[in-house]
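Since the structure comes first, as structure tokens, the remarks are kept for the end.
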Amino acid sequence: MNNEIFLCSICNINSGTCNEDCKFCSQSVRYKADIERYKQKDMMLILEEAKTAYENGALGFCLVTSDKGLNDKTLSLVCNIAEILTKELPKLRLIACNGTANIEQLLILKKAGIKAYNHNLETSREFYEQICTTHSWDERYETCKNVNEAGLVLISGGIFGLGESHEDRISMLESLKSLNPTSVPINFYHHNKALELQPNPLTIDEALELIRLTRDIIADAQRIMVAGGRELMFGQRQKEIFSHGANSIVIGNYLTTSGRAISQDLEMLKSLNLGIAKGV
């Protein structure tokens, strides 16, 4: 078990405006899920969320947009927010998660103060067309390669519990390994009744073993992060994720679902005699 846990927080700077058909995502306009939708979160609210995250020990703060990828308008928005946050909270490590991106766009983000870029493969190349038809898995993989080439820290992971086979899980993890990500966020599908997918079929024991499998296959990753779906997937057994290889978690709320109180996560770490990472 790692003795220091890296904390990260995510901020949905625009929500529910995506035209893609990813079957796991309530932010797609196609499924009409009952979520909060807005084109741009107020800057003061973003700053408040960032300060709360930092004061509670988060080193990473991720600016997320809901669309297929970066365009000029979104790029400008993320850069403006990054420049303000860098001045206000210079020690907070800014992450962008804005979909597919080319090298030129990523270099612009880097210049604005973004340190890392998160773009998940989501699942295996073989299974991907079962969950998304409006853009390809290869586009996602290419973006991850672009992140590496642009000199940003690559954060890339996926989702378990979409109906994929175990062979699909191994295939995804092997693909992730080939990209050499610094951090691997593992999400567990959080079902919304508006979505076409069936509820997550995984048991807690199976989910814990998938964290261990991720750590074993992507052994060079600095961080295996348990992200979306943690509370729903593990319930009262959340503390077991750390003995199975996780050394990072998302604190606070997620994109369209609520996390538990940050104080509960901090108390959980304290009860396990785990510290909070102070540096990357």
Side-chain angles (χ1 to χ4, degrees), residues 6-18 20 27 38-120 135 139-157 179-185 222-223 225 227 248 250-255 277-280:
F6 186 98
L7 304 182
C8 187
S9 183
I10 59 179
C11 179
N12 214 12
I13 62 176
N14 85 317
S15 176
T17 61
C18 189
E20 302 299 289
Q27 296 207 77
Y38 48 87
K39 291 187 176 180
Q40 183 177 336
K41 181 176 284 186
D42 182 81
M43 185 61 224
M44 293 307 295
L45 184 54
I46 295 171
L47 183 57
E48 180 183 328
E49 290 181 23
K51 287 181 177 178
T52 297
Y54 182 70
E55 289 167 359
N56 282 283
L59 286 178
F61 189 72
C62 188
L63 303 170
V64 187
T65 53
S66 63
D67 208 342
K68 177 192 171 184
L70 277 171
N71 54 38
D72 290 345
K73 184 177 180 180
T74 303
L75 182 60
S76 177
L77 171 64
V78 176
C79 286
N80 289 338
I81 293 171
E83 289 166 357
I84 293 170
L85 291 180
T86 297
K87 290 178 183 177
E88 295 288 335
L89 298 163
K91 293 184 180 179
L92 190 62
R93 190 172 182 83
L94 297 181
I95 305 159
C97 181
N98 313 124
T100 52
N102 61 40
I103 295 172
E104 181 182 5
Q105 291 169 325
L106 293 164
L107 288 173
I108 293 171
L109 287 176
K110 185 178 180 181
K111 187 176 181 180
I114 296 296
K115 303 298 184 186
Y117 198 81
N118 178 199
H119 194 58
N120 294 336
H135 62 273
E139 287 182 76
R140 305 191 74 86
Y141 191 85
E142 185 68 25
T143 291
C144 293
K145 289 170 63 178
N146 291 342
V147 174
N148 283 330
E149 191 163 340
L152 287 165
V153 170
L154 175 62
I155 301 172
S156 188
L179 291 164
N180 195 32
T182 295
S183 178
V184 181
Q222 292 180 22
R223 293 182 286 279
M225 173 188 289
S248 179
V250 171
I251 59 171
N253 293 329
Y254 298 96
L255 298 178
K278 303 298 183 184
V280 179

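One-based numbering along the sequence shown. What you see is a predicted model; the values in this text were computed from it and never measured.
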Give the C-alpha distance, both sets of side-chain angles, the deciding distance and a yes or no for side chain to side chain contact (heavy atoms under 4.5 Å, CB included) between Lys41 and Ile81.
CA-CA 10 Å; Lys41 181 176 284 186; Ile81 293 171; over 6 Å; no

Pairwise distance CG(Leu92) to SG(Cys8) - rounded to 0.5 angstrom
8.5 Å

Run the numbers on Ile84 and Ile46 for side chain to side chain contact (heavy atoms under 4.5 Å, CB included), then give the verdict.
CA-CA 10 Å; Ile84 293 170; Ile46 295 171; over 6 Å; no

For residues 106-117, dump all side-chain donor-acceptor pairs below 3.5 Å to protein atoms at least two apart in sequence or in another chain.
| residue | atom | partner | partner atom | Å |
| --- | --- | --- | --- | --- |
| Lys110 | NZ | Ala150 | O | 3.2 |
| Tyr117 | OH | Asn98 | N | 3.2 |
| Tyr117 | OH | Gly99 | N | 3.3 |
| Tyr117 | OH | Gly99 | O | 2.6 |

Under 3.5 Å side-chain donor-acceptor pair for Thr143 and Asn146
no

Report the distance from atom NZ of Lys73 to atom OG1 of Thr65, rounding to the nearest 0.5 Å.
12.0 Å

Ala58 and Ile251: which non-hydrogen atoms are nearest, and at how many Å?
CB-CD1, 4.1 Å

Taking atom CG of Leu59 and atom CG of Leu7, what is their separation to the nearest 0.5 Å?
7.0 Å

Would you please name every residue forming a side chain to side chain donor-acceptor pair (under 3.5 Å) with Asn120, sequence neighbours left out?
Asn118

Would you compute the distance between atom OG of Ser76 and atom CG of Asn71 and round it to the nearest 0.5 angstrom?
10.0 Å

The single option from Val184, Val250, Ile155 passing side-chain contact (heavy atoms from CB on, under 4.5 Å) against Met225
Val250

Only pairs at least two apart or in different chains count here, so list each salt bridge (Lys or Arg N to Asp or Glu O under 4.0 Å) that has a residue in residues 77-89.
none

Tightest non-hydrogen contact, residues Phe61 and Cys11, listed as CZ-CB, 3.4 Å

Atom pair CG/CD of Asp42 and Glu48 - distance to nearest 0.5 Å:
9.5 Å

Using side-chain heavy atoms (C-beta onward) and a distance below 4.5 Å, is Lys51 in contact with Leu85?
no

Taking every non-hydrogen atom, the tightest pair across Ala227 and Pro185
CB-CB, 4.4 Å

Between Val147, Thr100, Leu179, which is the residue that forms a side-chain contact (heavy atoms from CB on, under 4.5 Å) with His119?
Thr100

With a 4.5 Å limit on heavy-atom distance, are the side chains of Thr182 and Leu154 in contact?
no

